[in-house]
Amino acid sequence: MSAAAAERVPRGAYVNLILAALGFLLTAWAWGLISPLSAFYQQHLGLSSVQQSVLVAVPVLVGSLGRIPVGALTDVLGARVMLPAIAFLTIIPVLLLTVAGDSYPAMLAVGFLLGIGGTPFAAAIPHGNGWFPPSRRGFALGVIGMGMGGTAIAALLTKPMREIGPNAQFYLCAVVLAVYGVVAWLVLREPPGRTVPAEPFAHRFTEAARQPMTWPLSALYAVTFGGYVSFAVYLVTYLQSQYGLEQGDASLKAAGFTLVAVVFRPPGGWLADRVGGAKVLSLCLAVLAVMAAWQSFAPPLYPWATITFLIMAAMLGAGAGAVFSLLAQVVPRPKVGAVTGIVGAMGGLGGFVPPLVMGAVYGATGRYTIGLLLLALVALAALAYTWTQRNRRPPVDAPVRAKLNMR
């Protein structure tokens, strides 16, 4: 096969890319339904700051760990089965939200089930990866990553939909998920040349875990995507506690943070394809560390804190896009689903821990200084590793020996 033929984008690739990204977007909408209402549930149920943090963090934990089996199942069943199936399953906890709001244990149980909404990432990524040649996967996977903008939908619709009725957004989300599930089942197609692995899950997981870059990429994704997720689920609480904002205003600002991160993810992947993932990551992590350290001093919301959070959102989004550009380059195509499950899970776990830390820090000190300084230190540690890898040339997915490296 010639290099030109290998780099050609198959017919139907963009339709499948859009549907995969849309599936992740809509399930992420469901995944993020609790977070904008966390202050309401705290007051309504009499929760402590730690209990509130656990409530918003449980869906993140389940959605993160769930990506491992979903990635493995996608290798076997394909995204055409997994994406609509997950959409239909997510409808169940969304509807349960309409009756669980008066009990903290019930809300934790529903939050556990809502974690299903965070798992399609591990199905959409290998699907997009299979449709595009290596030189275009960074951008394609960045587009899929934009599906995290679903959490912004939840934040943006919280106030207007609650004016219609306390459960209006839940019903709307359930209907939209059902429509998507039907459309995806009818329209999605598997990428050309897809093969079903013959090995059992345990073997494939072990092989994925043994890939040289699986754990370094997992750690980097835990910082970039994990940082984004933690702010996506906790920023409303932070703005209300630190700056005394009303729920509606805080939700709008949190949605703005999410949208900026989402918009910058594809350019991060695109730029990493061209100038090298380590360079893009190094820049993102350096700026992130500076901004987190600055925000630890709690500067005035207008304009300094607002600018700081928008810059942090851009760096987290672009950095996450760069990580998956690297993954598409250094992981053999048949193992992308399993590796994506591991990397995605670790990234999500990176978003599970910070809300708990922030809640505990605020409960103990009444300030968020320590939590933000810890973020700056973690970003600096990731920067130190990434900078040492900037000249490393990883193996590229055969048969195309494109000029892709971590420069």
Side-chain angles (χ1 to χ4, degrees), residues 32 34-43 47-50 52-53 55-57 60 148-149 151-160 162-163 223-224 226-265 284-319 351 354-379:
I34 290 178
S35 176
L37 294 169
S38 62
F40 164 77
Y41 288 123
Q42 181 185 34
Q43 182 177 12
L47 307 180
S48 67
S49 58
V50 174
Q52 180 187 15
S53 298
L55 181 61
V56 300
V60 176
M148 273 304 297
T151 58
I153 297 176
L156 287 170
L157 291 183
T158 293
K159 183 177 180 180
R162 284 184 72 80
E163 291 175 356
V223 177
T224 54
Y228 158 73
V229 170
S230 62
F231 279 114
V233 302
Y234 199 76
L235 191 55
V236 172
T237 301
Y238 173 86
L239 291 173
Q240 289 181 291
S241 301
Q242 182 67 54
Y243 294 104
L245 297 185
E246 298 285 339
Q247 177 183 308
D249 196 13
S251 295
L252 287 175
K253 285 178 171 54
F257 177 95
T258 299
L259 290 174
V260 170
V262 164
V263 167
F264 272 81
R265 183 159 180 157
C284 293
L285 292 168
V287 176
L288 174 64
V290 172
M291 292 296 100
W294 165 246
Q295 185 58 37
S296 70
F297 294 100
L301 182 61
Y302 302 106
W304 302 116
T306 300
I307 294 173
T308 299
F309 276 115
L310 292 179
I311 293 174
M312 289 172 68
M315 295 302 100
L316 290 168
L356 298 179
V357 172
M358 295 289 271
V361 166
Y362 186 78
T365 68
R367 303 181 66 181
Y368 292 105
T369 303
I370 296 175
L372 288 162
L373 286 176
L374 286 173
L375 172 60
L377 290 175
V378 170

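Side chain of Thr306 to main chain of Leu301: a donor-acceptor pair is present (N/O by atom type, distance under 3.5 Å, no hydrogens or angles). Ser241 places a side-chain N or O within 3.5 Å of a backbone atom of Thr237 that can act as its donor or acceptor partner.
Residues Leu375 and Gln295 fail the side-chain proximity criterion, which asks for heavy atoms closer than 4.5 Å. Residues Met358 and Leu372 meet the side-chain proximity criterion, which asks for heavy atoms closer than 4.5 Å. Residues Leu55 and Gln42 fail the side-chain proximity criterion, which asks for heavy atoms closer than 4.5 Å. For the pair Val56/Val236, no side-chain contact is recorded, criterion being any heavy-atom separation below 4.5 Å from C-beta on.
Among all heavy-atom pairs drawn from Lys253 and Leu239, the shortest one is CB-CD1, 3.8 Å. Nearest heavy-atom pair, Tyr234 versus Ser53, reported as atom, atom and distance to 0.1 Å: CE1-OG, 3.5 Å. Nearest heavy atom pair, residue Pro299 against residue Tyr243, reads O-OH, 2.6 Å. Closest heavy-atom contact between Gly359 and Ser49: O-OG, 3.4 Å. Nearest approach of Ala298 to Gln242, heavy atoms of both residues: CB-NE2, 3.6 Å. A pairwise comparison of heavy atoms in Met148 and Val229 identifies CE-CG2, 4.0 Å as the closest pair.
Atom CD of Glu163 and atom OG1 of Thr158 lie 11.0 Å apart (nearest 0.5 Å). Taking CE of Met291 as the start and CG of Leu316 as the end, the distance is 12.0 Å to the nearest 0.5 Å. In this structure, Met315 CE and Leu285 CG are separated by 10.0 Å, a value rounded to the nearest 0.5 Å. To the nearest 0.5 Å, the span separating SG on Cys284 from CD1 on Ile311 amounts to 12.0 Å.
Cation-pi geometry between Arg162 and Phe40 is satisfied (NZ or CZ under 6.0 Å from the ring centre, within 45° of the ring normal).
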Which pairs of donor and acceptor atoms, one on a side chain in residues 255-263, lie under 3.5 Å apart (sequence neighbours left out)?
from, atom 1, to, atom 2, distance (Å)
Thr258, OG1, Ala254, O, 3.1

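With a 6.0 Å radius and a threshold of 12 heavy atoms from other residues, nucleotides or ligands, Leu310 has its CG atom above the threshold.
For the ring pair (Phe, Tyr, Trp, His ring centres under 6.0 Å) test, residues two or more places apart in sequence or in another chain that qualify with Tyr238 are Phe309, Tyr368.
Of the options Leu157, Thr151, Leu156, a side chain to side chain contact (heavy atoms under 4.5 Å, CB included) to Ile153 is made by Leu157 and by none of the others.
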